[in-house]
*Asks:* 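Once you've had a glance at the structure underneath, I'll fire off some questions.
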Amino acid sequence: MERNVYDVLEERGFLKQCSHPEELKDLLGKEKVTFYIGFDPTADSLHIGHYVQLMSMAHMQRAGHKPIALLGNGTAFIGDPSGKTDMRSLMSKEQLMHNASCFQKQMSRLLDFSEGGAQMVYNGDWLYPLNFLDFMRDIGVYFSVNRMLAADCYKNRLERGLTFFEMGYMLMQGYDFLELNRRHGCVLQMGGDDQWSNILGGADLIRRKEQKPAFALTTALLTTSDGKKMGKTEKGAIWLDAEKCSVYDFYQYWRNVADQDVENCLALLTFLPMDEVRRLGALPGEEINEAKRVLAYTLTTQVHGEEEAKKAQTAAEALFAGGADLSNIPTCELTQEQIDASGLRLTDVLVFSGLASSKSDARRLIEGGGVFVADEKAASVAVALEPAQIEGDGVIIRKGKKSYCRIRRA
RNA sequence: GGAUGGGUUCCCGAGCGGCCAAAGGGAGCGGACUGUAAAUCCGUUGUCACAGACUACGAUGGUUCGAAUCCAUCCCCAUCCA
């Protein structure tokens, strides 16, 4: 007898809020449920925040339910207002479709999109041709402004100001759910906990308009134990695309999570059995590093494949644990042009390698004693690399304790 | 549309004619300590040809020897009234 996926999600810490817990759990236990999560294709890669959602979908799919990944090419066309700024960067339909195809590629690592499996749909299909008057009459009447304003997410918005546009977004998202219910028999929408009122709005719409059951369920956002969002680094978000976040950086991010966060990350981001997750999370003192190694390796394997994960691990061991195999550490290859232009001055090299964001930054780092060339502290801003150093395997320069880059001739 | 208060560096937020690349806090980065952790302490955080120069305080013009600071116009935001 399979375990109810609802319990699985609960045990792993996914569950946040659910509109009808008993009813939904009952349903999940006895039949194949079609559910969806929406993703706005506003960038050309998913990031780790999305990954938690994908994991929840994967658990559901493994339990025999049918996932629909909804690509919000319609909603993203006008921009999601839930962010703080009104910098709604307007994107072309073509751009959005390109992004959507990138998403699908990344999703298919975790979800099975083969025949009868997960499905991908685009809300532009029904949002673009939508007629405003029809929409207002058919959908608008089901949304009570009073109720919307009572929702937490709008309540605190009232102090800062709230546009009609933002409330309209909720209607569109609700309408998505309704369409999916009609077209695909979708009865459950999942999503991050910040989406609670939007998701609930859709479920309510179906219940009222169609007189049919519909469910809303939100999952935990990936946060640190003190409630801050995870997945940001100095270089930006933790993207799933290796071009936007190198496999090494990805691995290192997880290798370095705070002690208190490892267990949660293992539960949400990997498929390790919970007994093992709890054992690793409870390791005392220095031993907790074992848990971080497992997290980093397992997650990197899931996202980038085992081969890439091994390389990242080998590189990390070479740099931090005295391992001998230096072949996989991050490398920056200098072109002849760069060499000529900079005269291999360290400040320039730091910028080329991405270790410093500007020459001023590089200068500060050197002056602060944070730069090492082949394990020797750089003495002054004036130093330059010797041409011989960048031949062959090159030299390793280090910024601080954790950022390394091998420099060599292209 | 009317009244009022605002738009400052990554974020919050002081400054309200020269001493302002701009207080303070948050966040980041570097150093010490450590376990590639947290906490703590110290330093640092526009760019560059770096004891100097250049670009920055919503936008554009103006007044001044000199403007983030004064004036004009415009754009945007908040609160109240319609």
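Naming convention: chains lettered A, B, ... in sequence-line order (proteins, then strands); numbering from 1 in each chain.
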*Asks:* Measuring from the side chain of A/R364 (C-beta onward, heavy atoms only), which nucleotide among B/G31, B/U45, B/C29 has the closest atom?
*Replies:*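 Side chain of A/R364 sits closest to B/U45.
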*Asks:* Who is the Watson-Crick or G-U wobble partner of B/A78, with both distances under 3.5 Å?
*Replies:* B/U4
*Asks:* Find every protein N or O atom lying less than 3.5 Å from an N or O atom of nucleotides 32-34 of chain B, and list the pairs.
*Replies:*
{"residue": "B/C33", "atom": "N4", "partner": "A/K401", "partner atom": "NZ", "Å": "3.0"}
{"residue": "B/U34", "atom": "O4", "partner": "A/K401", "partner atom": "NZ", "Å": "3.3"}

*Asks:* For A/N73, does its backbone N or O pair with a side-chain atom of A/Y128 as donor and acceptor, under 3.5 Å?
*Replies:*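 It does hold such a pair.
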*Asks:* Applying a 3.5 Å limit to both distances, which nucleotide forms a Watson-Crick or G-U wobble pair with B/U55?
*Replies:*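 Partner of B/U55: none found under 3.5 Å.
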*Asks:* Could you tell me whether the side chain of A/T219 and the main chain of A/G191 form a donor-acceptor pair under 3.5 Å?
*Replies:* yes
*Asks:* Considering only NZ, NE, NH1 and NH2 on the basic side and carboxylate oxygens on the acidic side, decide whether A/E11 and A/R3 come within less than 4.0 Å.
*Replies:* yes
*Asks:* Tell me whether the guanidinium CZ or amine NZ of A/R208 lies under 6.0 angstrom from the six-membered ring centre of A/Y142 and within 45° of its axis.
*Replies:*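 The answer is no, since A/R208 fails at least one limit relative to A/Y142.
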*Asks:* Could you tell me the Watson-Crick or G-U partner of B/C10, where both distances fall under 3.5 Å? Say none if there is no partner.
*Replies:* B/G26
*Asks:* Checking side-chain polar atoms at under 3.5 Å, does A/N123 have a donor or acceptor matched by the opposite partner on A/D176?
*Replies:* yes
*Asks:* Enumerate the residues from residues 265-274 of chain A whose closest heavy atom to RNA chain B is under 4.0 Å, giving them by residue number; use none for an empty result.
*Replies:* none
*Asks:* If we take the P atom in both B/C42 and B/U8, what is their distance in whole Å?
*Replies:*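 Rounded to whole Å, the distance is 30 Å.
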*Asks:* Just by modelled atom types, is the A/A118 backbone N or O under 3.5 Å from a matching donor or acceptor in the A/K66 side chain?
*Replies:*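 Checked: no pair found.
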*Asks:* So which protein nitrogen or oxygen atoms get under 3.5 Å of nucleotides 50-57 of chain B's nitrogens or oxygens?
*Replies:*
{"residue": "B/C50", "atom": "N3", "partner": "A/R363", "partner atom": "NE", "Å": "3.0"}
{"residue": "B/C50", "atom": "N4", "partner": "A/S360", "partner atom": "OG", "Å": "3.3"}
{"residue": "B/C50", "atom": "N4", "partner": "A/R363", "partner atom": "NE", "Å": "3.2"}

*Asks:* For the pair made of CG in A/L350 and P in B/G30, what is the distance, rounded to whole Å?
*Replies:* 12 Å
*Asks:* For a 4.5 angstrom cut-off between non-hydrogen side-chain atoms, does A/F14 reach A/M190?
*Replies:*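 No, their side chains stay 4.5 Å or more apart.
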*Asks:* Only counting residues at least two apart or in another chain, list the ones meeting ring-ring contact (aromatic ring centres under 6.0 Å, His included) with A/Y51.
*Replies:*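 Checked A/Y51 against ring-ring contact (aromatic ring centres under 6.0 Å, His included); zero matches.
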*Asks:* Can you check the A/Q260 CD to B/G35 P distance for me, whole Å?
*Replies:*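 About 17 Å, once rounded to whole Å.
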*Asks:* Strictly by Watson-Crick or wobble contacts shorter than 3.5 Å, is anything paired with B/U63, and which nucleotide is it?
*Replies:* none
*Asks:* With rounding to the closest Å, how many angstrom separate the P atoms on B/G25 and B/C41?
*Replies:* 12 Å
*Asks:* With rounding to whole Å, what would you report as the distance between B/A21 and B/G52 at their C1' atoms?
*Replies:*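 Result for the C1' pair: 15 Å, nearest Å.
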*Asks:* Is A/R255 close enough and on-axis enough to A/Y297, meaning under 6.0 Å and within 45°, for cation-pi?
*Replies:*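 Cation-pi check for A/R255 and A/Y297: fails.
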*Asks:* A side-chain contact here means heavy atoms from C-beta on lying under 4.5 Å apart; do A/Q189 and A/Q173 qualify?
*Replies:* yes
*Asks:* Taking side chain as C-beta onward, heavy atoms only, is A/I238 less than 4.5 Å from A/D249?
*Replies:*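 No - every pair of side-chain heavy atoms lies 4.5 Å or more apart.
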*Asks:* In whole Å, what separates the P atom of B/G6 from that of B/C71?
*Replies:* 12 Å
*Asks:* Check the orientation of A/H50 and A/F103. Use parallel for under 30°, tilted for 30 to 60°, and perpendicular for over 60°.
*Replies:* tilted
*Asks:* Using heavy atoms and a sub-4.0 Å distance, could you list which residues of residues 301-321 of chain A are near RNA chain B? By number, please.
*Replies:* A/A316, A/F320
*Asks:* Return the residues of residues 281-292 of chain A meeting this criterion: a heavy atom under 4.0 Å from some atom of RNA chain B. Order them by number, or give none.
*Replies:*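 Heavy-atom cutoff 4.0 Å gives A/G285, A/E286, A/I288, A/N289, A/K292.
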